[in-house]
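Working notes for the structure below.
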There are 2 protein chains.
Amino acid sequence: MPKTHRLDRAQVVAAAAEIADARGLEALTLAALAQRLEIRIPSLYNHIDGLDALRREIGLLGLRDLDVQLTRAAAGRQGTDALRAVARAYFLYARAHPGRYLAAQRPAREPDPELETAGANIVDLLRTILKPFALSARDQIHAVRGFRALIHGFVSLETTGGFGLPVDVDHSLERALGWFFEGLDHPGRTPRNRTK
Amino acid sequence: MPKTHRLDRAQVVAAAAEIADARGLEALTLAALAQRLEIRIPSLYNHIDGLDALRREIGLLGLRDLDVQLTRAAAGRQGTDALRAVARAYFLYARAHPGRYLAAQRPAREPDPELETAGANIVDLLRTILKPFALSARDQIHAVRGFRALIHGFVSLETTGGFGLPVDVDHSLERALGWFFEGLDHPGRTPRNRTK
DNA sequence: TTATTTTAACTAATGCATTTAGTTTGTCAA
DNA sequence: TTGACAAACTAAATGCATTAGTTAAAATAA
């Protein structure tokens, strides 16, 4: 009676990622996935090791795809131009694939080399772009973190509805990046608003 | 047979928030909560409208407590001093109450005036602090968003293990805020790294 | 071609969590 | 003292994830 379905792991993960993007990560259940694939729930266990492992797979997929997009955006650009292009690509990816992006945020309970490598690749890309800036090794790390935090913060606050006002979020990100780059480019000025 | 427990809604939410902070938001189940309160699961429905509504309550509690902490931190301070103090308080709160903070991030599916008000209060605080800066109305909104995104980004990436390198995260936040404030204080400089 | 192994489907059954309905018992106020 | 309400309870339904064991189809090897 078993049908001639012949699915493989990649197809299962891809279908799961589409559900997560379209209906939200919390709507991704084995029941929903099995229904979309037209198989019974237990059959999924031939391809994946349960729901939690599936979420990890989706996050890993998202992280790797994100790296591809960011690398492409940075190609042929330098300095703040490259950073702006990367930020734009980051934002577009997270908007287009909110489920994968959220899954990539999931904290790992054990050390996970594959996830760590995927994350480190993105960090390396940013460090490469930041090379021309006159930053100490320590400051370079701070700058990468600040850049990531700024973009991720915008993405995260937007997707959770944190921005209530009817002002364009893209424009806010552009402006905030501008201020951040300003400081990166011209460090060590006299503070004006520290004490009024 | 019913015991003389006499719980009320606030106690139930408080106990739930403690579980969420101590063991993670995903570990907050009605079973765990009922066990801690030494009542049966269905009795919880006398106080709260199910698990999802409970998560909302915890998020609202977190948002309001966060506002109190930030307001306290800003008292008696101005300009970037006030912003740094607020950032520090924000960070400390999110670290001390990760469950409540994460619950506050939960997207609302319907308009939720209570949550919106709690969020708007924090935004208003930041706008007040930013008054002395010479910013247009539009730029003030961008600055508030950038500030929130930067802090939330750091908090979020830290709690999800996004920072792999053994470099102090607090220090990275300080440095990133410094660059951001630099740009806020000295807008409109000539970009150096735009084209090398 | 035929035999064997592997893959991927299936059914059956268990356990846990959320939720609803209906019931009982203390507590407080009239 | 009595009556009403609040808050506990038991019983039961539903849905999801998971495991165990089984079967058929496809791929591979003789």
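Within every chain, numbering begins at 1; the chains are lettered A, B, ... in the order of the sequence lines, protein sequences first and strands thereafter. Since we're looking at a predicted model, the values are computed, not measured.
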Problem - Nucleotide nearest B/Y45 when distance is taken to its side chain, options D/dA17, C/dT18, D/dC9 - result: C/dT18
Completion exercise
Between CG of B/L30 and P of D/dT14 the distance, given in whole Å, is 19 Å
Handout entry: A/D67 and A/R72 ion-paired at < 4.0 Å
Key = no
Problem - Given D/dT18, C/dA9, D/dC9, the nucleotide with the shortest approach to the side chain of A/S43 - result: C/dA9
Fill in the blank from the handout: B/N46 CG to C/dG22 C1', in whole Å, measures 13 Å
Handout entry: Options D/dC16, D/dA20, D/dC9, nucleotide nearest the side-chain atoms of A/P42
Key = D/dA20
Completion exercise
Checking B/L51, B/L30, B/L54 against B/L44 for side-chain contact (heavy atoms from CB on, under 4.5 Å), the one that qualifies is B/L30
Problem - Spacing between B/I39 atom CD1 and C/dG26 atom C1', to the nearest angstrom - result: 16 Å
Practice task
Establish, yes or no, whether the cationic atom of A/R145 lies under 6.0 Å from the six-membered ring centre of B/F154 and within 45° of the ring axis.
Solution key: no
Exercise for the section: Round to a whole Å and report the spacing from CD of B/Q11 to P of D/dA6. Expected result: 16 Å
Every protein N/O within reach of nucleotides 5-7 of chain C N/O, cut-off under 3.5 Å:
unit_1	atom_1	unit_2	atom_2	d
C/dT7	O2	A/R6	NH2	3.1

Practice task
Write down the distance between CG (A/L37) and C1' (C/dC10), rounded to a whole number of angstrom.
Solution key: 15 Å
Exercise for the section: Starting from the C-alpha separation in whole Å, work towards a yes-or-no answer on ring pair (Phe, Tyr, Trp, His ring centres under 6.0 Å) for B/Y101 and B/H97. Expected result: CA-CA 6 Å; B/Y101 185 77; B/H97 302 288; over 10 Å; no
Handout entry: Donor-acceptor pair, side chain of A/E174 and main chain of A/D170, under 3.5 angstrom
Key = no
Practice task
Would you mind telling me which of C/dT18, D/dC16, C/dT11 lies closest to the side-chain atoms of A/R40?
Solution key: C/dT11
Handout entry: Under-4.0 Å salt bridge between A/D52 and A/R106
Key = yes
Problem - salt_bridge(A/R64, A/E114) N-O dist < 4.0 Å - result: yes
Problem - Protein-nucleotide distance (A/L51, atom CG; D/dG15, atom C1'), rounded to Å - result: 14 Å
Completion exercise
When rounded to whole Å, the CG to C1' distance for the pair B/L44 and C/dA17 reads 12 Å
Exercise for the section: Take atom CG of B/D49 and atom P of C/dT18, then tell me their distance rounded to the nearest Å. Expected result: 15 Å
